[in-house]
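In what follows, a structure is listed as structure tokens, so that the remarks can point back to it.
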Amino acid sequence: MPVKVLMVCLGNICRSPLAEGILASKLPNNIFVVDSAGTGSWHVGHSPDKRSIAVATKNGINIQNQKGRQFQTSDFENFDYIYVMDNSNYRDVIHLAKTEEHKNKVHLILNELFPDENVDVPDPYFGVANGFDNVYQMLDEVTDIIAKKLIQKHS
Ligand code: 4NP
């Protein structure tokens, strides 16, 4: 059975597709499966935002074939680790969890880099032009730590 990791943001078109693509590029795909989802439903079936595709491509990661989907309660059963991008995603996902075991799967992603500081990956959707580069750098840094931990633990 592969170890399954889910990246979650609000729309599943900007941050979590990048987090999925970057982490997947750092893990052996015979042991790990990485997916992403949004807490909202606006972008179900959509490709990632053009700006996320562009920053990923610039860094050698292909996320063009991803399709948006909404987080669902069955994801608590199907995934071993659920990383959320911000505090509002954390509240939304925890609200749907019915057991402590499910709640314990949910982690605010940047707490892996800045333990207990509860820092958000800022939503770049309506933001400044370099927002996507900033998000990419943050996710690249934190997924180094996550990949190292997961590989140590599971392979
Ligand atoms: P994401 O960004 O959560 O990083 O995918 C967003 C994209 C779209 C919307 C919100 C956040 N939206 O409201 O449509």
Side-chain angles (χ1 to χ4, degrees), residues 4-27 29 32-98 102-147 149-150:
K4 298 182 74 180
V5 183
L6 184 66
M7 299 298 192
V8 177
C9 63
L10 177 59
N12 192 210
I13 55 166
C14 296
R15 294 166 291 175
S16 60
L18 280 173
E20 174 188 337
I22 300 168
L23 182 66
S25 77
K26 297 176 183 181
L27 293 174
N29 68 3
F32 297 97
V33 169
V34 188
D35 191 12
S36 65
T39 56
S41 62
W42 310 282
H43 299 290
V44 170
H46 296 185
S47 298
D49 188 284
K50 284 190 178 63
R51 297 163 293 177
S52 284
I53 293 176
V55 75
T57 304
K58 192 165 84 179
N59 288 280
I61 307 273
N62 179 0
I63 62 166
Q64 299 189 64
N65 300 324
Q66 293 185 26
K67 286 281 176 278
R69 74 168 180 87
Q70 190 172 21
F71 181 86
Q72 46 199 43
T73 51
S74 56
D75 289 324
F76 289 117
E77 297 290 343
N78 290 337
F79 288 87
D80 303 294
Y81 299 90
I82 298 170
Y83 290 105
V84 297
M85 299 297 125
D86 67 28
N87 282 275
S88 136
N89 308 147
Y90 186 85
R91 284 190 292 273
D92 290 344
V93 171
I94 287 289
H95 186 71
L96 295 171
K98 293 195 178 66
H102 290 173
K103 286 181 186 169
N104 290 336
K105 292 184 177 187
V106 186
H107 311 278
L108 189 59
I109 193 166
L110 288 184
N111 276 353
E112 303 295 315
L113 189 59
F114 310 115
D116 302 321
E117 291 191 23
N118 298 336
V119 178
D120 289 340
V121 177
D123 190 341
Y125 189 61
F126 296 109
V128 293
N130 70 350
F132 285 76
D133 282 299
N134 283 341
V135 165
Y136 190 94
Q137 292 313 322
M138 284 178 193
L139 292 175
D140 193 29
E141 208 174 323
V142 73
T143 53
D144 273 350
I145 296 170
I146 293 170
K149 268 169 84 165
L150 290 176

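Counting convention: from 1, in listed order, for ligands and their atoms alike.
Below 30°, between 30° and 60°, or above 60°: for Tyr81 and Tyr83 the angle between ring planes is below 30°, a parallel geometry. Classified by interplanar angle (parallel below 30°, tilted 30° to 60°, perpendicular above 60°), the ring pair Phe71/Phe76 is perpendicular.
In terms of N/O distances under 3.5 Å, ligand 1 is not approached by Ser16. Taking distance alone, with nitrogen or oxygen atoms compared against 3.5 Å, Pro124 stays at or beyond that limit from ligand 1. Note: an N/O pair closer than 3.5 Å links Cys14 and ligand 1 by distance alone. Annotation: Cys9 places no N or O atom under 3.5 Å from an N or O atom of ligand 1; distance criterion only.
For atom 4 (O) of ligand 1, the closest non-hydrogen atom on the protein side is Arg15 NE, 2.8 Å. Closest to atom 10 (C) of ligand 1, if we only count protein heavy atoms, is Leu10 CD2, 3.6 Å. Atom 3 (O) of ligand 1 has as its closest protein heavy atom Gly11 N, 2.8 Å. In terms of protein heavy-atom proximity, atom 11 (C) of ligand 1 is nearest to Asp123 OD2, 3.0 Å.
Atoms of ligand 1 lying under 4.0 Å from any heavy atom of Ile13, numbered from 1 in the order shown and given with element: 5 (O), 7 (C), 8 (C).
Atom CD of Glu141 is surrounded by 12 or fewer heavy atoms from other residues, nucleotides or ligands within 6.0 Å.
If you check the side chains of Asp86 and Asn89, you find a donor sitting under 3.5 Å from an acceptor.
Ligand 1 lies within reach of His43, whose nearest heavy atom is under 4.0 Å from it.
Salt bridge Lys26/Asp140: present, at least one basic N to carboxylate O contact under 4.0 Å.
Atom CD1 of Ile82 sits about 8.5 Å away from atom NE2 of His107, to the nearest 0.5 Å. The CD1 atom of Ile109 sits 7.0 Å away from atom OG1 of Thr143, with the distance rounded to the nearest 0.5 Å.
With a heavy-atom cut-off of 4.0 Å, Asp49 does not touch ligand 1 at all.
Of all the heavy atoms in Lys67 and Ser47, the pair that sits closest is NZ-OG, 3.4 Å.
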